[in-house]
Amino acid sequence: MALGVTPHAPVWGPVSDAELNSPQADAVAHTSGPLLVFAGAGSGKTRVITYRIANLVACARVPPHRILAVTFTNKAAGEMRDRLGRLLGDELARELWVGTFHATSAKLLRRHGEALGLPKNFVIYDTDDQKAVVNRALRALDLDEKRYPPRQCLARIHKEKQELRGPDEMEDGDPWIVKIYRAYDEQLRAANAVDFEDLIGLMVRLLEENPAGAGDALRRRFDYLLVDEFQDTNAAQYRFLKAFVRDHRNLCVVGDDDQSIYRWRGADVRNIRGFKHDFPDAHVVKLEQNYRSTARIVRAALGVIERSRERVPKDLWTANAAGAPIDLVATRDERDEAAHVVATIQEARARGVDPKEIAVFYRVHAQSRVIEEVLRAANVPYQIVGGTKFYERAEIKNALAYLRVLTNPASDVDLLRVINTPARGIGATSLERLVAFADAERVSLSTALGQLAEPRGVGAARAKAVGLGTAAGKLASFHEMMAGLRAKVGAERPSDLLGEVLERTGYLIALRAENTAESEARLENLAELKSSLFDYEQEAAAAGEPASLEGYLERVSLQSDVDGMKDASRVTLMTVHGAKGLEFELVLLTGMEQDMFPYRGMNPSGDHEVEEERRLAYVAITRARSRLVITHADTRQIFGTTRLGGPSPFLAEMPADTVAVKATAGRSASAVGRFIDRDDAYGQARRPWQHPQATARHAPAAPAVEPGERYVDREFFADSGSGAEEGGVGLHRGARVVHAQFGEGEVRSVVQASEPAVVVAFPGRGEKKILARFLRPA
DNA sequence: GATTGTGAGGTTTTT
DNA sequence: CCTCACAATC
C-alpha cells in the first residue's frame with residue numbers, strides 16, 4: 001500500500017529495520033518540532049511511542065527526566081514504562097515522566113502549586129465529595145435542590161472548567177448557576193481541595209500567568225512531550241500542552257479521530273483534526289496497517305466507521321488472514337444472551353484459549369450483572385473492570401476521609417464524613433450549628449472545632465454562645481483525638497497510621513460490635529485497604545522513594561477503572577469505554593441493539609450522539625484479534641423495565657461476507673420471539689437505519705451451525721414487509737397508540753406476559769401496563 | 001440523637 | 001434497579 005511517506009532508516013541501534021514499517025520508522029526517527037501521528041486501530045501505536053522515546057534517549061541523548069509522556073490511564077502509563085524498561089533498562093526508564101494528565105498535574109502542582117496559593121497538602125475531591133460541596137453551596141445560597149439538581153450543577157460547572165472558564169467568564173441565562181459555581185470554587189479553595197478539572201486548569205494558569213516564575217520553571221523541566229490518545233483530550237488539556245511546549249514546540253501527539261469516544265467528558269475531536277491548523281509545520285504520519293485483527297474483523301470495523309462524517313481520510317488495511325466470520329447472534333433476552341456468551345467462552349477454553357485472552361463488552365455497567373451470574377454459575381474465572389469501585393465503598397471512603405483530614409485539616413467534606421462515624425453523639429443539630437459557626441468565623445470546621453475546644457473555659461463559653469453547650473464536650477474530645485492522631489502523620493508508616501486510626505476512632509470496635517455478615521465484609525475490606533497501603537509502601541521502597549500518606553491518597557483519587565485490571569487468568573468484563581487501548585483474542589460484544597447501542601438514554605430524539613456511538617462501536621470491534629461474537633436480545637430487562645430492541649443499526653453496516661447470522665435455540669422458540677416476528681416490530685425498529693446497500697449486500701449467509709444452537713433460516717436484515725401493523729398495533733417503542741379509557745399515549749417498552757403487552761405513557765396519567773389487544777394505533 | 005422505613009427520582013460512558 | 005432524602009419512631 002502506498003503511504004506517500006518517505007521511509008527513514010531508523011537512526012538507532014537497538015531497533016532493526018524489520019521491527020518497524022516505514023511510517024512507523026518515520027515517526028520514530030522524527031526528533032524535532034511538532035509531530036502528528038494518526039494511528040489506526042491495531043497499527044502498532046504503542047510501539048511507535050515507546051520506540052520514539054527510546055530513540056530520543058539512546059540516540060538524540062535526551063536525558064529521560066526531560067521527557068514527559070502523557071497517557072490516558074495509569075495502567076497505560078505503567079505498561080509504557082515497562083516496555084521502555086525493556087528497551088532502555090529500568091534505570092533510565094524510571095527517570096522518565098509517564099502518567100495521565102491528572103496524575104502528572106497533581107505531581108507538578110505539589111511542587112509548584114504554591115505560586116498560586118495552593119498548599120502542598122491539597123486533596124483531590126472525587127465526584128461524591130464534589131457533590132457534597134455543591135449541596136453545601138446550595139444550602140448557603142438557600143436554593144432548592146429540586147430546581148438545581150446537584151448533579152446537573154456539577155456537570156455545568158465542569159463543562160465550564162473544561163473550557164477554562166471561571167464563574168466570571170461564564171455565560172448563562174441563570175445568574176444563580178454562576179453563584180453556585182463561585183461558591184463551589186470558594187469552598188474548594190477554603191478546603192485546600194481541587195477537583196479533576198482544577199488539576200489541569202491550575203497547571204494552565206501556572207504556565208500562562210507565570211506567577212513567581214513558576215510557569216517558566218515548569219516549561220524548563222521538559223524538552224519533549226508525547227501524548228497518547230490525543231483524540232480524547234479536552235480544551236484545557238490541549239492548552240496545557242500548547243503552553244508547555246511554547247518555546248521548543250517538541251510536541252508529538254498520537255491518536256485516531258475514529259476512536260474519539262469521550263465527548264461527554266469534554267473531549268474535543270477537533271484537537272486532533274485541527275492540529276495542523278495550530279502547528280502548520282507539523283510532520284504528519286499515518287499508521288494504516290493493522291497488525292492486530294483478522295481481515296474480516298478489520299473490514300467489518302471499516303464498514304461501520306466509513307459511514308462516519310468528517311473523519312480524517314485514512315486507509316486501514318491488513319495483511320492478516322481472513323479469519324472466521326463474525327457471529328451475529330440473535331438471542332431472546334439478556335439471560336439467553338448471557339447463556340450464549342458463557343457457552344462460547346467454555347468452547348473457547350476447551351480449545352485452549354487462555355481466559356485472560358477473552359473479554360465481554362457491554363455498553364453500560366448495568367448489563368454486567370446477568371453475565372456475571374451465569375459466569376459464576378458455570379465456574380468461569382472472571383473479573384469485572386469498573387462499576388462500583390472498591391474505593392467507593394462506605395467503609396473505605398470513611399477510612400480514607402480520616403486519613404485525608406489528618407493530612408489536610410481544612411478538608412471540610414472529609415471532616416463532616418467522619419465526625420460522627422462511628423456514632424459519637426454529634427448529631428445533625430450540632431453539626432448545623434458548627435457549620436454556621438465556622439461560616440460566620442470564615443474558618444474551616446477543624447479550626448472551628450479547635451476554637452470551641454480551647455482550654456480554660458474560653459472555648460466552652462463560645463460553644464454555649466452558639467448553641468453547642470451540650471455537644472461541646474463531645475466536639476472537644478473528637479478534636480483532641482484527631483490532634484493526637486495528626487501528630488503521628490509522617491512519623492509512622494501510612495499502613496500503621498491507618499491501623500491506629502481505625503482503632504483509636506473506635507471504628508473497628510463499632511463494626512465488630514455490629515457482628516453481621518455485612519459488618520464482617522466491611523472489616524475485610526478495611527483489611528484489604530491496609531494491605532493496599534502496605535503494597536504501596538513496598539513499591540515506594542523498591543523505587544527508592546519515601547512512602548508518604550499524601551502520595552497514597554493521591555494515587556487512590558486518580559485511580560482509573562482499568563488500573564485495577566489484573567493480569568490474572570480470568571475473563572474480563574467491561575464497558576466498551578473501558579476497552580479502549582486493549583486487545584483480546586476473543587471478544588464478545590453484547591447488547592448490540594436498538595436503543596442500547598447506539599445508546600439512547602431517556603430522550604428518544606437527538607442523533608447528535610450517534611457519531612460518537614459509531615466510533616465506540618468501531619473501538620469495540622477492533623479490540624478483537626481472531627474472533628468476534630456479537631449478540632443482541634429481543635427484550636432486555638434493564639433499570640427495572642423491559643426494553644425492546646431490534647439489532648443495532650451498526651450491524652447492517654458490516655459487509656455480508658464478514659458475518660455469520662445466527663440465533664440461539666431458545667430465541668425463536670420463545671413467545672416473545674414469535675410475537676416480535678409476527679408483529680414485525682423487528683422490521684419496524686430497523687427501518688430508520690437501514691441502508692439501501694445493506695439489504696442488497698447481505699446475501700443469505702451460510703453460517704456453520706454451532707453446537708447447542710439451531711440456525712434459524714431467516715435473514716433478519718432483509719426488509720420483510722412494510723406494514724408494521726398486525727392486529728392493528730405496531731408494538732415498538734415510540735409508537736403512538738390509543739386506549740379506550742386513557743386516550744392517546746406512547747409505547748415505552750414491551751413487557752413479558754402471557755400475551756403481548758406493553759407499557760404505555762399517557763400524558764397526565766403516567767405509565768400503564770396494558771395488553772396489546774386493548775390498543776389500536778393512533 | 002439514632003435507627004428504621006418509605007417514597008421519589010434518576011438511571012451512560014470516567015480522569 | 002439503585003441511591004438518597006426525609007419522616008416517623010424509639
Side-chain angles (χ1 to χ4, degrees), chain A residues 70-77 99-106 124-128 130-132 135 139 144-146 149-152 154-155 158 161-162 194-200 229 232-234 236-237 260-267 361-370 385-389 391-392 394 420-432 470-471 474 510 514 554-564 574-580 591 595-603 609 612-613 615-617 619-620 636-643 766:
Chain A
V70 183
T71 59
F72 196 71
T73 62
N74 297 300
K75 180 168 180 276
T100 62
F101 274 105
H102 300 274
T104 304
S105 297
I124 301 164
Y125 276 2
D126 69 13
T127 315
D128 266 5
Q130 295 163 21
K131 235 174 92 192
N135 273 321
R139 286 190 53 189
D144 182 11
E145 65 177 28
K146 295 255 155 43
R151 244 186 98 92
Q152 281 173 38
L154 255 183
H158 286 154
K161 288 195 173 189
Q162 281 154 8
V194 298
D195 60 21
F196 295 123
E197 273 72 29
D198 287 339
L199 289 170
I200 314 295
E229 309 283 8
D232 280 320
T233 52
N234 63 32
Q237 290 164 340
S260 170
I261 57 175
Y262 282 93
R263 208 180 102 108
W264 50 273
R265 207 172 85 185
F361 298 161
Y362 33 78
R363 180 63 182 79
V364 296
H365 281 303
Q367 291 166 254
S368 71
R369 230 183 60 186
V370 182
V385 175
T388 39
K389 279 171 255 170
Y391 294 106
E392 283 169 9
N420 199 33
T421 313
R424 41 176 82 90
I426 304 174
T429 316
S430 302
L431 281 180
E432 209 173 291
T470 45
K474 295 166 186 165
E514 245 182 75
E554 179 174 307
R555 173 204 284 221
V556 167
S557 316
L558 297 176
Q559 204 163 71
S560 69
D561 278 346
V562 282
D563 294 343
M574 59 166 84
T575 63
V576 180
H577 281 89
K580 189 171 84 156
D595 290 358
M596 285 304 292
F597 209 153
Y599 189 82
R600 288 196 204 358
M602 314 239 86
N603 52 335
E609 311 294 326
E612 179 139 321
E613 298 284 325
R615 296 192 291 261
L616 195 53
V619 168
R636 177 179 302 277
Q637 286 211 41
I638 197 153
F639 300 129
T641 51
T642 306
R643 285 191 180 198

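The shown structure was predicted, so the numbers you read here are calculated from the model rather than taken from an experiment. A, B, ... follow the sequence lines: proteins, then strands. Residue 1 opens every chain. Side chains are part of it too, since the values below use all heavy atoms of this structure and drop only hydrogens, waters and symmetry mates.
For Thr233(A), the side-chain hydrogen bond (donor to acceptor under 3.5 Å, both in side chains) test picks out Asn271(A), with sequence neighbours left out. Scored by the side-chain hydrogen bond (donor to acceptor under 3.5 Å, both in side chains) test, Glu197(A) finds Gln162(A) as partners (sequence neighbours excluded). For the side-chain hydrogen bond (donor to acceptor under 3.5 Å, both in side chains) test, no residue two or more places apart in sequence or in another chain qualifies with Arg139(A). By the ring pair (Phe, Tyr, Trp, His ring centres under 6.0 Å) test, His577(A) pairs with Tyr262(A), Trp264(A), sequence neighbours left out.
The side chain of Phe196(A) approaches dT15(B) more closely than any other nucleotide in the set dT13(B), dT15(B), dA2(B). Taking every side-chain heavy atom of Arg151(A) into account, dT12(B) is the closest of dT12(B), dT15(B), dG1(B).
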Return the polar atom pairs (N/O with N/O) between nucleotides 5-9 of chain B and the protein under 3.5 Å, or none.
none

Under 3.5 Å between N/O atoms: give me all the protein pairs with nucleotides 8-10 of chain C, atom names plus distance.
none

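Stacking of Trp264(A) onto the six-membered ring of dT13(B) is present: less than 5.5 angstrom between centres, less than 30° between planes.
Residue Thr127(A) has no polar side-chain atom (N or O) positioned under 4.0 Å from OP1 or OP2 of dT14(B). Considering only side-chain N and O atoms, His365(A) lies under 4.0 angstrom from the phosphate OP1 or OP2 of dT14(B).
Heavy atoms of Phe101(A) sit nowhere under 4.0 angstrom from any nucleic acid atom.
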